[in-house]
*Asks:* 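There's a structure below that I have some questions on.
The figures here come from the full heavy-atom set of this structure, side chains too, leaving out hydrogens, waters and symmetry mates. Nothing here was measured: the structure is a model prediction, and the numbers come from that model.
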Amino acid sequence: AFSTLAGTSAVKVEGTVYFFSLNGGAAANLVNGSKSVSGSAVIDGGRIVDLKYQSNSPSVSVHLTYGAFNTAVVVTPPPTT
């Protein structure tokens with residue numbers, strides 16, 4: 001998931017929440033068989049602490065929460081549009 005999100009270019013930010021959408025191959029990398037995926041990531045202190053994403057076809061919804069601070073993957077927030 002993290003390597004796929006690193007290539008996301010369609011990002012909007014509201015506070016610490018980053019909203020993203022993926023299409024084509026990037027979407028299929030996150031949800032096998034999907035052509036479109038959207039979701040959000042909450043970044044706190046340079047770490048993703050909450051990640052949600054979903055696809056309509058196939059119908060998949062994922063929500064990950066990282067509770068052990070200083071163990072989540074360190075990320076650089078993407079540029080926003």
*Asks:* Run through Tyr53, Phe19, Tyr18 and flag the one making a side chain to side chain contact (heavy atoms under 4.5 Å, CB included) with Ser40.
*Replies:*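 Exactly one candidate clears the test, Phe19.
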*Asks:* To the nearest 0.5 Å, what is the distance between NZ (Lys35) and CG (Asn56)?
*Replies:* 13.0 Å
*Asks:* So, for Pro58 and Val31, which heavy atoms are closest and what is the spacing to 0.1 Å?
*Replies:* CG-CG1, 4.1 Å
*Asks:* Should the heavy atoms of other residues, nucleotides or ligands under 6.0 Å from CG of Asn23 be counted, would the total exceed 12?
*Replies:* yes
*Asks:* Measure the shortest side-chain to side-chain distance between Ile43 and Thr16 over non-hydrogen atoms and say whether it is less than 4.5 angstrom.
*Replies:* no
*Asks:* If you define the side chain from C-beta out and look only at heavy atoms, does anything of Asp50 sit under 4.5 Å from His63?
*Replies:* yes
*Asks:* Gln54 and side chain to side chain contact (heavy atoms under 4.5 Å, CB included): which partner among Ser34, Ser38, Ser36, Ser59?
*Replies:* Ser38
